[in-house]
Amino acid sequence: MYRQQIVEQVRQTSRGRAGSWRRRSIAALLLPLFFSACEDGSQSAGQRFQPPALQVRVATAAQSQYQAKLHVIGSTQSDETVDITASVTETIEKIHFRDGQTVEAGDTLVTLSQSAESAVRDQVRLAFEDQQRELQRLQGLRASNSISQTDFDRQETAARVAELRLLEVDSEISDRTITAPFDGTVGLRELSPGALVTPGLRITTLDKTDPLKIDFRVPATQLDKVRIGATIEARVTHDSTPFSGTIVARDSRVTAESRTVEVRAMLPNPYGLMLPGMLVRVTLYGEEQSALQIPEQAVLQIGTSHYVFVVGPENRLSQQEIELAGREPGWVYVNRGISAGDRVVVEGTHRLSDGQQISVKGEDAEAKTARRDEALNSRDSTG
């Protein structure tokens with residue numbers, strides 16, 4: 001506004017003295033001087049009203065021990081599992097278990113109807129005993145050479161055939177008595193006494209759930225965290241109590257479609273708190289390493305790169321690219337890009353720029369004293 005008034009006044013003076021070439025010459029000489037004075041005044045005013053430096057909070061990067069973690073999703077499986085079925089077509093005579101009961105190997109679970117087989121077995125046993133008695137009688141006669149060797153061999157063969165026939169009938173009866181093949185817990189029964197079962201028709205299930213298998217897939221790039229004998233943690237939900245297990249095996253090849261490797265861990269489950277078929281969150285742990293720890297909010301991500309603002313001399317910022325080793329809730333661990341003792345800005349990083357001068361707020365007395373002593377030592381060494 002001040003510049004416009006001066007220009008207008010000069011123009012009026014020029015028009016009023018149009019006949020005077022001397023006035024016009026003076027106006028032409030004075031006009032640049034007025035412009036220069038206005039620009040100097042404007043710059044001085046800008047310097048006088050320069051806004052104060054932005055106040056920020058900082059944190060100091062400190063060396064810390066960090067253990068890399070990998071979180072994957074897995075599913076639980078029984079250590080042993082089987083469907084309880086019959087191997088013959090027969091009706092159920094009796095069920096010997098309750099739903100969810102714990103049984104031991106060899107316990108009778110189901111008895112199928114076997115009355116006809118029992119009757120046949122009695123007949124076969126009588127025939128076997130008769131053949132055995134005849135064989136014993138002929139043994140005495142053979143010792144005195146009262147019968148030929150051919151007659152004795154014929155009777156010995158007949159006794160052996162009767163014994164095999166008895167074993168065959170015993171096997172048929174055994175097929176009608178279903179027992180537990182291993183220790184475990186039976187599921188819900190699906191049939192009742194009197195029902196007709198056929199081979200393959202499920203009566204119930206039997207699972208050995210202590211220990212429990214956990215199968216999960218790990219990216220091929222993270223195989224350094226898969227070590228046989230290494231400890232894993234499994235959680236049913238994010239906040240649930242973790243169960244500790246041990247890696248026991250991994251697949252011999254990488255799946256081409258997903259570039260992952262299937263891994264198996266065994267988890268003690270003495271109280272049956274986890275069941276087969278559950279979806280669990282598995283945590284694997286890498287080797288412990290040393291890294292710099294800083295607050296997570298100090299990190300500014302641009303694309304796939306990560307940056308922090310480091311407070312340098314005269315409180316000027318330097319934007320530094322960093323390499324992350326890993327994360328924990330509220331914290332990040334840095335491999336490269338900053339040094340221990342560096343102060344990084346932890347709030348308002350989106351408003352900052354490289355080279356900007358800031359003012360640190362909320363700094364503790366120890367940090368101030370440490371930097372003052374460092375400055376004094378530096379001045380003494382240069383003086």
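Everything numeric in this text was worked out from a predicted model, so none of it was measured. When a residue number appears, it is its place in the shown sequence, counting from 1.
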Please confirm whether the backbone N or O of [Y] pairs with a side-chain atom of [X], one donor and one acceptor, at under 3.5 Å?
X: Gln67; Y: Gly286; answer: yes
X: Gln114; Y: Leu112; answer: yes
X: Asp210; Y: Asn269; answer: yes
X: Ser174; Y: Ser171; answer: no
X: Glu129; Y: Leu126; answer: no
X: Thr157; Y: Asp153; answer: yes
X: Asp107; Y: Glu104; answer: yes
X: Thr204; Y: Leu188; answer: yes
X: Asp342; Y: Ser339; answer: yes
X: Gln101; Y: Arg98; answer: yes

By ring pair (Phe, Tyr, Trp, His ring centres under 6.0 Å) - contacts of Phe243 (at least two apart):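 Testing Phe243 for ring pair (Phe, Tyr, Trp, His ring centres under 6.0 Å), a comparison that skips the adjacent residues, returns none.
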With heavy-atom distances below 4.5 Å as the criterion, would you say the side chains of [X] and [Y] are in contact?
X: Ile322; Y: Val299; answer: yes
X: Lys213; Y: Thr81; answer: no
X: Leu191; Y: Ile92; answer: yes
X: Leu109; Y: Ile95; answer: no
X: Phe309; Y: Val344; answer: no
X: Leu267; Y: Met274; answer: yes
X: Lys94; Y: Pro193; answer: no

What's the spacing between [X] [atom1] and [Y] [atom2] if we round to 0.5 Å?
X: Ile147; Y: Arg137; atom1: CD1; atom2: CZ; value: 7.5 Å
X: Leu317; Y: Thr349; atom1: CG; atom2: OG1; value: 10.5 Å
X: His71; Y: Phe216; atom1: NE2; atom2: CZ; value: 13.0 Å
X: Leu212; Y: Thr76; atom1: CG; atom2: OG1; value: 5.0 Å
X: Leu201; Y: Ile84; atom1: CG; atom2: CD1; value: 12.5 Å
X: Arg133; Y: Phe128; atom1: CZ; atom2: CZ; value: 11.0 Å

Heavy-atom pair of closest approach, residues [X] and [Y]:
X: Val197; Y: Ala86; value: CG2-CB, 3.7 Å
X: Ala249; Y: Val263; value: O-CG1, 3.5 Å
X: Ser87; Y: Pro199; value: O-CG, 3.6 Å
X: Ala298; Y: Val346; value: CB-CG1, 3.9 Å
X: Leu284; Y: Val282; value: CD1-CG1, 3.9 Å

Single hit among Gln65, Gln289, Arg327, Gln293 for side-chain hydrogen bond (donor to acceptor under 3.5 Å, both in side chains) with Tyr333: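 Of all the options given, the one that passes is Gln293.
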For His96, the option from Thr108, Thr177, Thr111, Thr179 that meets side-chain hydrogen bond (donor to acceptor under 3.5 Å, both in side chains):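 Of Thr108, Thr177, Thr111, Thr179, side-chain hydrogen bond (donor to acceptor under 3.5 Å, both in side chains) with His96 is met by Thr111 alone.
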Give a yes or no on whether a salt bridge exists between [X] and [Y], defined as a side-chain N under 4.0 angstrom from a carboxylate O.
X: Arg142; Y: Glu156; value: no
X: Arg336; Y: Glu323; value: yes
X: Arg154; Y: Asp151; value: yes

Give the C-alpha distance, both sets of side-chain angles, the deciding distance and a yes or no for side chain to side chain contact (heavy atoms under 4.5 Å, CB included) between Thr185 and Asp207. CA-CA 5 Å; Thr185 304; Asp207 292 282; 5.7 Å; no
With sequence neighbours excluded, give me every side chain to side chain donor-acceptor pair (under 3.5 Å) pair touching residues 242-253.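 For residues 242-253: none.
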Give a yes or no on this: more than 12 heavy atoms of other residues, nucleotides or ligands lie within 6.0 Å of atom CD of Glu314.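 No.
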Enclosure of Arg227 CZ (heavy-atom neighbours >12, cutoff 6.0 Å):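 Yes, because the 6.0 Å sphere around CZ of Arg227 holds more than 12 heavy atoms from other groups.
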With side chain to side chain donor-acceptor pair (under 3.5 Å) as the criterion, how do Ser318 and Gln320 come out once you've worked through the C-alpha distance, each side chain's angles and the decisive distance to 0.1 Å? CA-CA 6 Å; Ser318 173; Gln320 301 287 344; 2.7 Å; yes
Audit row: Thr60, Ile294, side chain to side chain contact (heavy atoms under 4.5 Å, CB included) steps and yes/no: CA-CA 7 Å; Thr60 302; Ile294 61 174; over 6 Å; no
Evaluate Glu233 against Arg235 for salt bridge (charged side-chain N to carboxylate O under 4.0 Å, His left out), listing each step before the verdict. CA-CA 7 Å; Glu233 286 186 352; Arg235 288 179 170 87; 3.4 Å; yes
Go through the structure and list residues passing side-chain contact (heavy atoms from CB on, under 4.5 Å) with Ser359, not counting sequence neighbours.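 Result, side-chain contact (heavy atoms from CB on, under 4.5 Å) vs Ser359: Ala53, Gln55.
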Could you state whether Ile338 and Val311 fall into the same hydrophobic cluster, counting links through intermediate Ile, Leu, Val, Met, Phe, Trp or Tyr residues with side-chain heavy atoms under 4.5 angstrom apart?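 Not linked; separate clusters.
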Determine whether Val310 and Tyr307 fall in the same hydrophobic cluster, where Ile, Leu, Val, Met, Phe, Trp and Tyr are linked whenever their side-chain heavy atoms lie under 4.5 Å apart.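 In one cluster: no.
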Classify the side-chain pair Thr255/Glu262 by whether it contains a donor and acceptor separated by less than 3.5 Å.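 Note: Thr255 and Glu262 side chains miss the donor-acceptor criterion.
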Check step by step if side chain to side chain contact (heavy atoms under 4.5 Å, CB included) holds for Leu135 and Gln139. CA-CA 6 Å; Leu135 180 62; Gln139 283 177 343; 4.3 Å; yes
Verdict with supporting geometry, Val261 and Val226, side chain to side chain contact (heavy atoms under 4.5 Å, CB included): CA-CA 10 Å; Val261 177; Val226 179; over 6 Å; no
